[in-house]
Number of protein chains: 2
Amino acid sequence: MKPDALRGHLDALLLATLDGRQLHGYAIIEALQQVSGGALDLPTGTVYPALRRLERAGHVISDWSTVGGRKRRTYRLTQAGQKALHAERSAWREFTTVIDGVLGGGGKWAQT
Amino acid sequence: MKPDALRGHLDALLLATLDGRQLHGYAIIEALQQVSGGALDLPTGTVYPALRRLERAGHVISDWSTVGGRKRRTYRLTQAGQKALHAERSAWREFTTVIDGVLGGGGKWAQT
DNA sequence: GGCCTACATATAGCGTCTCTACCTATGAGC
DNA sequence: GCTCATAGGTAGAGACGCTATATGTAGGCC
């Protein structure tokens, strides 16, 4: 899959992954790999900056915790993040509807 | 709709719009507005460079024609463009499948 | 003990792509 | 003649994800 295709949809993926649970960055990457069957293999250099962006935007908050002597920054959604996720889902549905309409069923254009 | 969301899918839209017919740039914009019900309103500064990119890539070719004294550069798909369109459609299907899987049915994660 | 790998977070620089904002040119209508 | 709609085009900017790299700990292996 083209990496660029994610552009503009990464936030939605991260928010959705954090929906109803809290994870640290590394775990988010693994979770996305799982649910996508390996199709999504986001590099850390993509995820960590994105999470900080989301935190700056107030969509997630993070807590430091030490597990097994290893520091982890655990993220979870805020109220605003929940709303944002909702909005992202709507936007995604609208987006796919529009693009599907253009790409069509592989059909030519009915010159109505 | 967020404009950036198109990123990486613009080529697919343009190729699909040219599938089975030839249009000039301005007409492509209008065609996309029509099929999307107004949701897609691409600025010329987006479309013209994209078409040139597609032409450089060999996916479309253009002919100058003069209609009513006005010059028009009419684009149409090449064989490679047809193949590219096919590939774009497949990529789109795969892409939506993956993202849909992550965004889920609005469902929480089954803590299995 | 020393070394390497896996885990975990983070930053810098790069390249690409779309958008905004402009510019040019013609024909038609006023 | 002037303005508007049509039509094509370019320049510059900004955003964003990727690649590459750096840091530090825990645990296994030799």
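Numbered from 1 within each chain, the chains take letters A, B, ... in sequence-line order.
Proximity of A:Glu88 to A:Leu14: side-chain heavy atoms (C-beta onward) are nowhere separated by under 4.5 Å.
When the salt bridge (charged side-chain N to carboxylate O under 4.0 Å, His left out) test is applied to B:Arg52, no partner is found at least two apart in sequence or on another chain. Scored by the salt bridge (charged side-chain N to carboxylate O under 4.0 Å, His left out) test, B:Arg93 finds no partners at all (sequence neighbours excluded).
Between A:Trp92 and B:Phe95, the two ring planes are perpendicular [angle over 60°; tilted spans 30° to 60°].
Atom CG of A:Leu6 is separated from atom C1' of C:dT18 by 17 Å (rounded to the nearest Å). For the pair B:Leu23 CG and D:dT6 C1', the computed distance is 15 Å after rounding to whole Å. Atom P of nucleotide D:dA7 and atom CG of B:Asp63 are separated by 17 Å, given to the nearest angstrom. Distance, A:Leu42 CG to D:dG17 P: 10 Å, rounded to whole Å. In this entry the distance linking CG of A:Asp41 with C1' of D:dG17 reads 14 Å, nearest Å. Atom NE2 of A:His9 and atom P of D:dG17 are 10 Å apart (whole Å). Following rounding to the nearest Å, B:Arg53 (CZ) and D:dT10 (P) show an atom-to-atom distance of 13 Å.
Contact detail for A:Leu42 and A:Leu6: the closest heavy-atom pair is CD2-CD1, 3.4 Å.
Side-chain heavy atoms closer than 4.5 Å link hydrophobic residues (I, L, V, M, F, W, Y) into clusters, and following such links, possibly through other members, connects A:Leu10 to A:Val35.
Helix-axis bend for the helix from C:dG1-D:dC30 to C:dC30-D:dG1: the local axis fitted to the five terminal pairs at one end deviates from that at the other end by 10°, rounded to 10°.
Sequence neighbours left out, the pairs with a member in residues 29-41 of chain A that pass side-chain hydrogen bond (donor to acceptor under 3.5 Å, both in side chains) are A:Gln33-A:Asp41.
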Scan the side chains in residues 53-60 of chain A for donor-acceptor partners under 3.5 Å anywhere in the protein, sequence neighbours excluded, and list what turns up.
{"unit_1": "A:Arg53", "atom_1": "NH2", "unit_2": "A:Asp11", "atom_2": "OD1", "d": "3.4"}
{"unit_1": "A:Glu55", "atom_1": "OE1", "unit_2": "A:Ser62", "atom_2": "OG", "d": "3.4"}
{"unit_1": "A:Glu55", "atom_1": "OE2", "unit_2": "A:Ser62", "atom_2": "N", "d": "3.3"}
{"unit_1": "A:Glu55", "atom_1": "OE2", "unit_2": "A:Ser62", "atom_2": "OG", "d": "2.7"}

- Task: Take nucleotides 7-16 of chain C nucleotide by nucleotide from the 5' end and write B, S or -, depending on whether a protein heavy atom sits under 4.0 Å from the base, only from the sugar-phosphate, or from neither.
- Result: BBBBB---BB
